Number of protein chains: 2
Amino acid sequence: MSSKCLAPEAPSLCNAELVAVVFDLEAIGEGELTPGVLTVRAGEALPSGSLRTDHASLQRGMRHWVESLTGYRLGHTEQLYTFADTLSVGDITRLVRISYLALLHPSVDPRNWLSIYEYFPWEDRRKEGEAHQVGSIARRMMAWALNDATQRTRCAVAFGLEGHEWNDELVLQRYELMWQAGLVPESPDGVGENAIGRAMEHDQRRILATALSRIRAKIRYTPAVFDLLPERFTLFAVQQAVEALAGRPMHKQNFRRLLLGQQLVEETDSLDSNGHGRPARLYRFRRDHVQECYLTGARLPLPSLI
Amino acid sequence: MSSKCLAPEAPSLCNAELVAVVFDLEAIGEGELTPGVLTVRAGEALPSGSLRTDHASLQRGMRHWVESLTGYRLGHTEQLYTFADTLSVGDITRLVRISYLALLHPSVDPRNWLSIYEYFPWEDRRKEGEAHQVGSIARRMMAWALNDATQRTRCAVAFGLEGHEWNDELVLQRYELMWQAGLVPESPDGVGENAIGRAMEHDQRRILATALSRIRAKIRYTPAVFDLLPERFTLFAVQQAVEALAGRPMHKQNFRRLLLGQQLVEETDSLDSNGHGRPARLYRFRRDHVQECYLTGARLPLPSLI
DNA sequence: CCTCTATATGCTCAAAATGAGCATATAGAG
DNA sequence: CTCTATATGCTCATTTTGAGCATATAGAGG
């Protein structure tokens with residue numbers, strides 16, 4: 001009855017690769033923020049490496065590779081997903097990729113960091129006006145799906161067309177639809193010339209999409225944003241961070257009300273005098289108090305926000 | 001710069017095991033429902049087996065094992081988590097366990113199915129009165145944590161003590177705290193006599209806890225319950241299913257209002273005349289309509305419900 | 001037939017949360 | 001002193017929750 005008894009064939013061994021998606025926040029120009037991702041090989045890949053016998057755990061192995069490849073030491077991390085490659089004929093071993101998500105406080109060193117919106121330009125909808133090509137992409141997608149009702153619905157849902165709302169968590173779905181439609185460089189029968197967004201090795205852009213989706217979901221019911229902010233920050237900085245991650249603008253007064261209502265932050269006596277208008281008060285994340293309530297895994301903070 | 005270049009040691013190979021947590025709903029006595037889990041070896045283990053080269057994907061491999069061990073063919077599945085075992089000295093290969101979650105419509109064949117509350121009796125709080133030992137467990141936990149403030153807070157949060165609310169999604173946290181406290185049979189320095197709940201091989205009870213936690217989260221923003229129900233059902237049956245999974249009672253009229261408001265179900269013309277009082281109308285899940293809106297991964301239905 | 005009981009279903013109402021916007025406060029620039 | 005820019009405080013209509021009362025419709029027992 002044991003599964004071992006039922007497997008007369010020797011179980012095929014495999015090579016486990018650990019992949020890390022590390023996010024932070026980058027300042028780009030006039031108080032503009034964008035989420036940055038830590039890359040290697042000039043943005044072509046995520047930090048990764050094989051699981052070895054001297055790694056005490058999956059997480060440790062992943063940390064080891066990030067540290068030796070980029071020098072960064074990670075804080076809290078979270079497992080994302082495990083992918084298996086498709087096997088070529090004759091392969092003896094197969095590859096399993098186990099991916100992790102980590103957040104880092106802003107770093108002064110911009111080496112190896114790239115905006116995630118370089119990879120997914122269509123995901124940044126903070127400025128409806130310029131609207132990074134979203135309209136054009138949506139049109140190309142609907143044209144592609146013209147003859148298939150199922151695909152057409154999927155595109156409409158994914159890209160917020162035909163009465164559907166734009167859902168910022170559908171990052172992976174959008175990427176995969178575009179992959180199928182041949183709009184990204186990795187597409188199998190893609191039209192390379194019109195491909196959108198920067199490519200990555202293997203299926204790593206899928207991993208990145210999964211990570212973006214996860215962090216967008218996570219900031220809604222978790223105080224995760226604070227892992228990306230400095231020790232002291234203004235409330236508007238929190239808003240800008242959430243906006244940068246979610247890729248959409250939000251209502252300032254309501255954001256403030258919600259944030260203060262959650263008891264997540266406490267005032268300091270200092271002000272931020274760098275801005276143009278009235279100086280903003282600096283706040284501090286109540287890490288101890290919040291951990292007590294939520295870090296155990298409980299749901300809650302920042303409910304709808306968006 | 002490549003990660004491969006930085007790894008002079010040969011990457012250690014590993015054995016990937018696929019583990020399935022399959023849930024359904026079981027009737028036990030007077031209209032009582034409980035979530036059942038599909039097991040092998042008389043409830044001692046979850047269906048599992050090694051990933052092989054003839055498996056087209058992780059998911060396919062997992063399906064293969066479930067089918068050959070239990071005869072069940074799975075529908076929609078979802079990856080849960082990947083665990084690595086701790087390595088003993090001298091081991092050449094290590095084991096990586098990739099776990100999946102699946103839901104099945106009620107089956108007539110009760111073989112191999114066991115109530116998840118056999119493994120986690122303290123998680124069923126539908127009847128506050130009898131309260132499966134919850135009070136006693138909580139007391140033992142707080143006694144154990146007496147000298148460590150951090151542990152005491154964790155226990156209070158996990159078990160809903162000292163002003164904290166009971167959070168039904170903290171299944172894994174509760175299990176791990178009890179493991180540390182020596183209240184479960186798997187505990188390292190456990191007191192076997194007073195151990196609570198049925199044991200499982202390896203760390204499979206942790207996998208089961210992860211699965212229960214996931215499904216409890218999932219039914220809140222996803223129409224997942226309907227994968228556990230027959231084609232036609234009463235609204236109260238939906239409620240009982242959600243209650244069985246969440247392990248807590250809910251308000252009947254509000255549940256109904258919410259469910260109907262979501263446009264998730266449609267009336268049929270039949271009634272259910274099995275009950276004692278006024279016959280209840282039978283409904284049908286609007287699978288097509290709902291898939292269009294949500295199955296792409298979108299959030300929503302059944303918001304707070306509990 | 002009527003009555004009782006059990007369940008389904010319909011409806012109300014106060015409290016809380018949300019979405020939008022107006023009003024005021026406080027800095028630097030001119 | 002005035003203008004502009006941003007921070008911060010407050011209001012109000014709408015929606016969503018949470019709780020419970022009231023009515024409807026079946027079978028059981030007289």
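Note on naming: letters A, B, ... go to the chains in the order of the sequence lines (proteins, then strands), and numbering restarts at 1 for each one. As the structure is a computational prediction, the values presented were derived from the model and not from experiment.
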Original post:
Should the pair B/E267-B/R284 be classified as a salt bridge under the 4.0 Å nitrogen-to-oxygen rule?
Top reply: no
Subject >> B/R256, nearest nucleotide to its side chain (from D/dG20, C/dT9, C/dG21) >> reply: C/dT9
Subject >> Derivation and outcome, side-chain contact (heavy atoms from CB on, under 4.5 Å), residues B/L38 and B/D24 >> reply: CA-CA 8 Å; B/L38 184 58; B/D24 81 343; over 6 Å; no
Original post:
In whole angstroms, how far is the C1' atom of D/dT17 from the CG atom of B/L259?
Top reply: 16 Å
Original post:
Is it true that B/F233 and B/F226 have ring centroids separated by less than 6.0 Å?
Top reply: yes
Subject >> Candidate pair B/Y72 and B/W113, rule ring pair (Phe, Tyr, Trp, His ring centres under 6.0 Å), full reasoning >> reply: CA-CA 12 Å; B/Y72 284 100; B/W113 293 96; 5.5 Å; yes
Original post:
Any cation-pi pair here, A/R216 with A/W166, using under 6.0 Å and within 45°?
Top reply: no
**OP:** Take the protein atom NE2 of A/H251 and the nucleotide atom P of C/dG21, then report the distance between them rounded to whole Å.
**Re:** 7 Å
Check the interface with nucleotides 23-30 of chain C: list each N/O to N/O pair with the protein under 3.5 Å, or write none.
unit_1	atom_1	unit_2	atom_2	d
C/dA25	O4'	A/R278	NH1	3.3
C/dA25	N3	A/R278	NH1	3.2

Subject >> Separation of C/dA6 P from B/N274 CG (nearest whole Å) >> reply: 18 Å
Original post:
Rounded to whole angstroms, how far apart are CG on B/D272 and P on C/dT9?
Top reply: 10 Å
Subject >> 5'-most by nearest nucleotide on DNA chain D - A/L282 or A/R257 >> reply: A/L282
**OP:** Could you tell me the separation between the CZ atom of B/F236 and the C1' atom of C/dA6, rounded to a whole number of Å?
**Re:** 12 Å
**OP:** Round to the nearest Å and state the distance from B/L260 atom CG to C/dC11 atom P.
**Re:** 12 Å
Original post:
Between B/I116 and B/F23, what is the shortest heavy-atom contact and its length?
Top reply: CG2-CE2, 3.4 Å
**OP:** Taking the six-membered ring for Trp and the full ring for Phe, Tyr or His, determine whether the centres of B/Y175 and B/W122 are under 6.0 Å apart.
**Re:** no
Subject >> Short N-O contact, A/E123 and A/R174, less than 4.0 angstrom >> reply: yes
Original post:
What base-paired stems does DNA chain C take part in, with at least 3 consecutive Watson-Crick or G-U wobble pairs and both distances under 3.5 Å?
Top reply: C:1-30 with D:1-30
Original post:
A/N254 has an atom CG; how far is it from atom P of D/dT11, in whole Å?
Top reply: 15 Å
**OP:** Please work out if B/R281 contacts a base, only the sugar-phosphate, or nothing of the nucleic acid, heavy-atom cut-off 4.0 Å.
**Re:** sugar-phosphate
Original post:
Given the rule in the side chain to side chain donor-acceptor pair (under 3.5 Å) test, do B/T234 and B/R281 qualify, once you have shown the distances and angles that lead to the verdict?
Top reply: CA-CA 6 Å; B/T234 67; B/R281 181 162 299 281; over 6 Å; no
**OP:** Could you state the atom-to-atom distance from CD of A/Q262 to C1' of C/dA17 in whole Å?
**Re:** 11 Å
